[in-house]
2 protein chains.
Amino acid sequence: MKLQLQIKMNEALFLRNPESSVLGKKIIQHSIQLIYKNGFETFTFKKLAEDIGTTEAGVYRYFENKHRLLVYLTAWYWGWLEFQITYHTNNLQDPSVKLKRVIKLLATTIEDDEQTSHVNEGVLHQIIISEGSKAYLTKHVGDDNKQLFFKPYKDLCAVVGNIILECNPKYKYPKSLASTIIEIAHFQNFFMNNLPSLTDFGEAKEESVIIAFLNDLVFNSLEKS
Amino acid sequence: MKLQLQIKMNEALFLRNPESSVLGKKIIQHSIQLIYKNGFETFTFKKLAEDIGTTEAGVYRYFENKHRLLVYLTAWYWGWLEFQITYHTNNLQDPSVKLKRVIKLLATTIEDDEQTSHVNEGVLHQIIISEGSKAYLTKHVGDDNKQLFFKPYKDLCAVVGNIILECNPKYKYPKSLASTIIEIAHFQNFFMNNLPSLTDFGEAKEESVIIAFLNDLVFNSLEKS
DNA sequence: TTATAAAGATAGTATTACTATCATAAATAA
DNA sequence: TTATTTATGATAGTAATACTATCTTTATAA
């Protein structure tokens with residue numbers, strides 16, 4: 001039996017639900033490929049439409065603009081990742097084992113998840129690394145936040161923050177440490193591959209060293225405090 | 001006597017040196033204000049030109065495009081900050097006192113430096129927080145890197161990394177920790193002001209708590225390892 | 001069968017991101 | 001001093017971007 005995993009998305013993120021039609025799914029699938037290939041700056045709805053074999057207007061019926069689409073993709077990713085984390089830490093008792101598992105999930109490029117046919121999670125993960133922060137680094141972050149566009153990201157941080165507190169109930173900065181782990185997992189990955197002298201992973205270029213660095217950072221803080 | 005501080009800039013960043021003329025300085029000064037006010041995405045050379053009282057073509061004579069201008073501004077900022085760090089840690093013996101000083105400088109919004117008349121460092125610092133990472137989060141980061149556009153950022157990281165090593169010569173991740181401190185100083189600041197639930201600084205909204213968090217994070221790692 | 005919703009086809013507009021040209025004023029070199 | 005280079009100003013033009021609007025066709029549902 002094959003299960004289909006559906007991430008429940010904030011309705012305000014789209015004009016028409018892309019999960020509800022073939023065209024919609026194509027928009028998600030091909031936008032991930034296009035943004036991955038050429039970057040978000042040069043990505044346009046026109047190019048996407050040509051790629052899919054529809055028209056610009058067709059894409060605009062689903063998403064107000066390309067920034068909304070990016071926010072949708074990131075929100076989807078955070079929702080999916082929260083599910084992964086809940087799933088993979090489900091029966092673990094020891095909170096530090098849990099946290100190690102979380103760090104590994106955050107820092108590892110996952111192979112394509114068969115449960116979500118139109119989303120390639122591995123490629124999406126790469127997009128999150130390079131483009132993810134652009135979803136909120138805008139002047140309208142406040143408005144977007146009011147519409148709860150970043151709720152999946154916040155929920156994920158809350159989950160990670162709670163595991164941190166389980167590890168050490170006295171630790172003073174669980175939320176900041178959670179958002180730090182998430183951001184650093186991505187930034188160190190980007191630096192490793194693009195500006196390696198900003199990291200200590202120059203030759204290795206493996207995600208395992210990022211995981212080691214994060215574990216060192218996090219558990220020294222939690223054991224000490 | 002008033003000293004004028006000049007940051008030596010990479011010549012490939014501009015077509016004509018903006019420090020060399022009144023118009024050039026106006027471009028720097030007003031672009032900082034405009035990007036701060038409306039964000040980088042909506043910033044255009046046309047708006048900038050109108051603001052200054054010149055024409056689009058006038059601005060294009062100095063910078064190839066707005067991304068180059070952003071890279072210039074960030075490079076300037078990192079160069080300036082490295083000078084600040086060198087200056088303010090000059091006579092300090094104890095490396096951990098030094099590192100604390102560095103963290104404070106990284107996380108504090110500095111008031112306008114009189115030595116650089118056309119650059120408002122406080123506003124520029126805010127731009128670095130919100131837009132700084134967009135300078136390198138592009139598909140052409142490799143090309144830009146080859147042209148040494150990010151050298152000031154790398155140099156700064158190297159300086160911080162060396163202080164980290166002074167604190168603990170056995171620490172395994174000095175460069176990654178250095179880039180982590182720098183990025184997190186900015187991200188936690190952005191989150192504090194825009195997505196406060198991602199931090200533990202919700203009510204305080206003061207840079208001092210970010211500094212406390214960073215100190216905790218860094219020195220737990222350095223003392224332990 | 002009819003209504004209705006989604007998609008396709010086409011057109012049009014304002015803005016963005018440039019490039020090109022020519023005139024003029026200011027600085028500088030012969 | 002004049003001649004010449006250099007920076008700026010003024011204006012025009014173009015391709016691409018970021019949309020909006022309308023009309024027709026096709027699929028689906030009542």
Side-chain angles (χ1 to χ4, degrees), chain A residues 9 11-31 34-35 37-73 118 131 134-135 138-140 143-144, chain B residues 9 11-31 34-35 37-73 118 131 134-135 138-140 143-144:
Chain A
M9 297 296 293
E11 305 252 320
L13 278 172
F14 48 75
L15 301 169
R16 185 171 299 168
N17 191 344
E19 305 266 5
S20 71
S21 71
V22 177
L23 181 59
K25 281 173 191 157
K26 271 194 191 167
I27 288 172
I28 301 305
Q29 194 186 1
H30 286 78
S31 64
L34 258 185
I35 294 173
K37 202 177 160 211
N38 305 318
F40 185 65
E41 276 70 38
T42 61
F43 170 78
T44 70
F45 276 3
K46 187 151 189 229
K47 291 174 192 165
L48 174 61
E50 277 160 18
D51 215 48
I52 295 172
T54 182
T55 58
E56 253 183 302
V59 181
Y60 275 107
R61 282 186 188 114
Y62 284 84
F63 290 100
E64 245 180 87
N65 52 56
K66 71 171 185 169
H67 185 264
R68 276 294 159 86
L69 174 53
L70 179 66
V71 175
Y72 178 94
L73 293 177
H118 59 296
E131 324 286 355
K134 295 172 191 169
T138 67
K139 273 285 156 184
H140 48 88
D143 294 333
D144 289 357
Chain B
M9 298 296 293
E11 305 252 321
L13 279 172
F14 48 75
L15 301 169
R16 184 171 299 167
N17 191 345
E19 304 266 6
S20 72
S21 70
V22 177
L23 180 60
K25 282 175 192 157
K26 270 193 192 169
I27 288 173
I28 301 306
Q29 193 185 2
H30 286 79
S31 65
L34 259 185
I35 294 173
K37 202 178 160 211
N38 305 319
F40 184 65
E41 276 71 38
T42 60
F43 169 78
T44 69
F45 277 3
K46 187 154 188 228
K47 290 175 193 165
L48 174 61
E50 277 161 17
D51 214 50
I52 295 172
T54 183
T55 59
E56 252 183 303
V59 180
Y60 275 106
R61 284 186 187 114
Y62 284 84
F63 290 99
E64 244 180 270
N65 53 54
K66 70 172 185 168
H67 185 263
R68 276 295 159 85
L69 174 52
L70 179 67
V71 176
Y72 178 94
L73 293 177
H118 60 295
E131 324 286 355
K134 295 171 192 169
T138 67
K139 273 286 156 183
H140 48 88
D143 294 333
D144 288 358

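Just so it is clear: chains get the letters A, B, ... in the order the sequence lines come, proteins before strands, and each one is counted from 1.
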Assess whether a salt bridge exists between Lys134(B) and Glu41(A), defined as any Lys/Arg side-chain N lying under 4.0 Å from an Asp/Glu carboxylate O. no

Quantify the bending of the helix from dT1(C)-dA30(D) to dA30(C)-dT1(D) as the angle between its end axes, each fitted on five pairs, to 10°. 10°

Measure the distance from CG on Leu15(B) to P on dA7(D) and round it to the nearest whole Å. 12 Å

Separation of Glu56(B) CD from Glu50(B) CD (nearest 0.5 Å): 8.5 Å

Hey, could you give me the CG/CD1 distance between Leu69(B) and Ile27(B), rounded to the nearest 0.5 Å? 8.0 Å

Would you indicate whether the side-chain heavy atoms of Ile28(A) and Phe63(A) approach each other to under 4.5 Å? yes

Contact list for DNA chain C against residues 16-28 of chain B - heavy-atom distance below 4.0 Å: none

Rounded to the nearest 0.5 Å, how far apart are OG1 of Thr54(A) and CG of Leu48(A)? 9.0 Å

Considering only residues two or more places apart or on different chains, which pairs with a residue in residues 38-58 of chain A satisfy ring pair (Phe, Tyr, Trp, His ring centres under 6.0 Å)? Phe45(A)-Tyr60(A)

Below 4.0 angstrom, which residues in residues 60-72 of chain B have at least one non-hydrogen atom near DNA chain D? Arg61(B), Tyr62(B)

Selection: residues 41-53 of chain B, any non-hydrogen atom under 4.0 Å of DNA chain D: none

On DNA chain C, reading 5' to 3', which nucleotide is the first and which the last to sit with an atom under 4.0 Å from a heavy atom of chain A, could you check? dA6(C) to dT10(C)

